[in-house]
> 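Below are the structure tokens for one structure; questions will follow.
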Amino acid sequence: INYSTASTDTITACDSYTWSEDGVTYTSSGTYTAISTNAAGCIHLATLILTINSSTSTSTSATACDSYTWSVDGMTYTTSGTYTNVSTNAAGCTHIDSLFLIINNSSLGSSAVTACDSYTWDGVTYITSGVYTNTYTNAAGCDSVHTLNLTINYSTASTDTITACDSYT
């Protein structure tokens, strides 16, 4: 006597699952059946109870001056580019975070100036020699620090008291 057989597979998969009983790739959760012939030549009824969980992804665009620390991976980036971090989501499937990053750079500049008595720079009049700095915003929206190395030379005055008869040269 030959007998019919039956089997049940309970599967949880990410995104899709190809069932060996029928060769079909499933992308949705559900209950599926396949009928085939067993080794005894009788009917074999296979049942698939399938749960499909989905992979996830997020993307972030950011613009920063000089460097950017991405909270997803804790890394500090100093160059523009696309960065990814792969992890596992709550369903046990792949989660991909993408960062599209633009890094703008700060700039530095310096000037050496020698002036007599005083020098006016950015609306401030200086009367002593020294090193002075001002911070601006450059075209990229980042800090631009300019250093002024200032030398002040002072004018001199003298008075001569002369007494002369008839003429004096």
> Surrounding CD1 of I49 (heavy atoms of other residues, nucleotides or ligands, distance under 6.0 Å), is the total greater than 12?
yes
> Quick one about S118 and T125 (side-chain donor to acceptor, distance below 3.5 Å, no hydrogens or angles considered), yes or no?
no
> OH/Y77 to CG/L99 distance, rounded to the nearest 0.5 angstrom?
7.0 Å
> Do H44 and T37 pass the side chain to side chain donor-acceptor pair (under 3.5 Å) test, and can you show the C-alpha distance, the side-chain angles, and the key distance before you say yes or no?
CA-CA 5 Å; H44 176 74; T37 304; over 6 Å; no
> What about I11 and V24, same hydrophobic cluster or not, with Ile/Leu/Val/Met/Phe/Trp/Tyr joined at side-chain heavy-atom distances under 4.5 Å?
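Yes, because I11 and V24 connect within a single hydrophobic cluster, where side-chain heavy atoms sit under 4.5 Å apart.
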> How about I152 and T128: do any of their side-chain heavy atoms sit closer than 4.5 Å?
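SC-SC contact between I152 and T128 ruled out.
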> Any side-chain donor paired with an acceptor under 3.5 Å for S107 and S144?
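Short answer, yes.
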> Just by distance, no angles: are the side chains of Y83 and T79 close enough, under 3.5 Å, to form a donor-acceptor pair?
yes
> Treating D9 as the side-chain partner and L50 as the backbone partner, does any N or O pair qualify as donor plus acceptor under 3.5 Å?
no
> Identify the heavy atoms of C14 and G92 that sit nearest to each other, and give their distance.
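Heavy atoms of C14 and G92 come nearest at SG-O, 3.7 Å.
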> Donor-acceptor pair, distance only, cut-off 3.5 Å: does the side chain of S57 make one with the backbone of I96?
no
> Which is it for L148 and V113 under the side-chain contact (heavy atoms from CB on, under 4.5 Å) test, yes or no, and what are the steps along the way?
CA-CA 7 Å; L148 172 66; V113 174; 3.6 Å; yes
> What distance do L48 atom CG and T33 atom OG1 have between them, rounded to the nearest 0.5 Å?
9.5 Å
> Distance from T63 atom OG1 to I103 atom CD1, nearest 0.5 Å?
8.5 Å
> Are any side-chain N or O atoms of Y68 and backbone N or O atoms of S80, one a donor and one an acceptor, separated by less than 3.5 Å?
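Judged by distance alone, no pair lies under 3.5 Å.
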> D15 side chain to S55 main-chain N or O, any donor-acceptor pair under 3.5 Å?
yes
> Any side-chain to backbone donor/acceptor pair from S29 onto I52? Under 3.5 Å, distance only.
yes
> Counting only heavy atoms not in I43, do more than 12 sit closer than 6.0 Å to its CD1 atom?
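It does not: I43 CD1 has 12 such atoms or fewer within range.
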> For the OG atom of S4 and the CG atom of N38, what is their distance to the nearest 0.5 Å?
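Rounded to the nearest 0.5 Å, the OG-CG separation comes out at 6.5 Å.
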> Pairing donors with acceptors under 3.5 angstrom, does anything connect the side chains of H146 and S111?
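Distance-only check passes for H146 and S111.
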> Any link between Y154 and L150 through a network of hydrophobic side chains (Ile, Leu, Val, Met, Phe, Trp, Tyr) touching at under 4.5 Å?
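Hydrophobic grouping puts Y154 with L150.
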> If we ignore hydrogens and angles and just use 3.5 Å, is the side chain of D73 paired with the main-chain N or O of V86 as donor and acceptor?
no
> Can you tell if the side chain of T5 reaches within under 4.5 Å of the side chain of L45, non-hydrogen atoms only?
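Not touching, per the 4.5 Å side-chain cut-off.
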> Quick one, C42 and Y3 - any side-chain contact, counting heavy atoms below 4.5 Å?
no
> For T60, does its backbone N or O pair with a side-chain atom of D97 as donor and acceptor, under 3.5 Å?
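No, D97 side chain to T60 backbone: no donor-acceptor pair under 3.5 Å.
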> So how far is it from W19 CH2 to T47 OG1, rounded to the nearest 0.5 Å?
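One gets 6.0 Å once the value is rounded to the nearest 0.5 Å.
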> With a 3.5 Å cut-off and no angle check, do the side chains of T56 and N89 form a donor-acceptor pair?
yes
> Pairing donors with acceptors under 3.5 angstrom, does anything connect the side chains of T76 and T69?
yes
> Knowing that exactly one of V72, T88, N85, T58 qualifies, which makes a side-chain contact (heavy atoms from CB on, under 4.5 Å) with H95?
T58
> Of all the heavy-atom pairs spanning E21 and A34, show the shortest one and how long it is.
CB-CB, 4.2 Å
> I'd like to check T147 versus V131 (side-chain heavy atoms, cut-off strictly below 4.5 Å). Are they in contact?
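When only atoms from C-beta onward are counted, V131 and T147 do touch, with a gap below 4.5 Å.
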> Do you see a donor-acceptor pair shorter than 3.5 Å between the side chains of T18 and T25?
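Distance-only check passes for T18 and T25.
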> How many angstroms lie between atom OG1 of T78 and atom CG of L101, to the nearest 0.5 angstrom?
9.0 Å
> Same hydrophobic cluster for Y26 and I35, using side-chain heavy-atom links shorter than 4.5 Å among ILVMFWY?
no
> Which residue in the set Y119, W121, Y126 passes ring-ring contact (aromatic ring centres under 6.0 Å, His included) when paired with Y132?
Y126
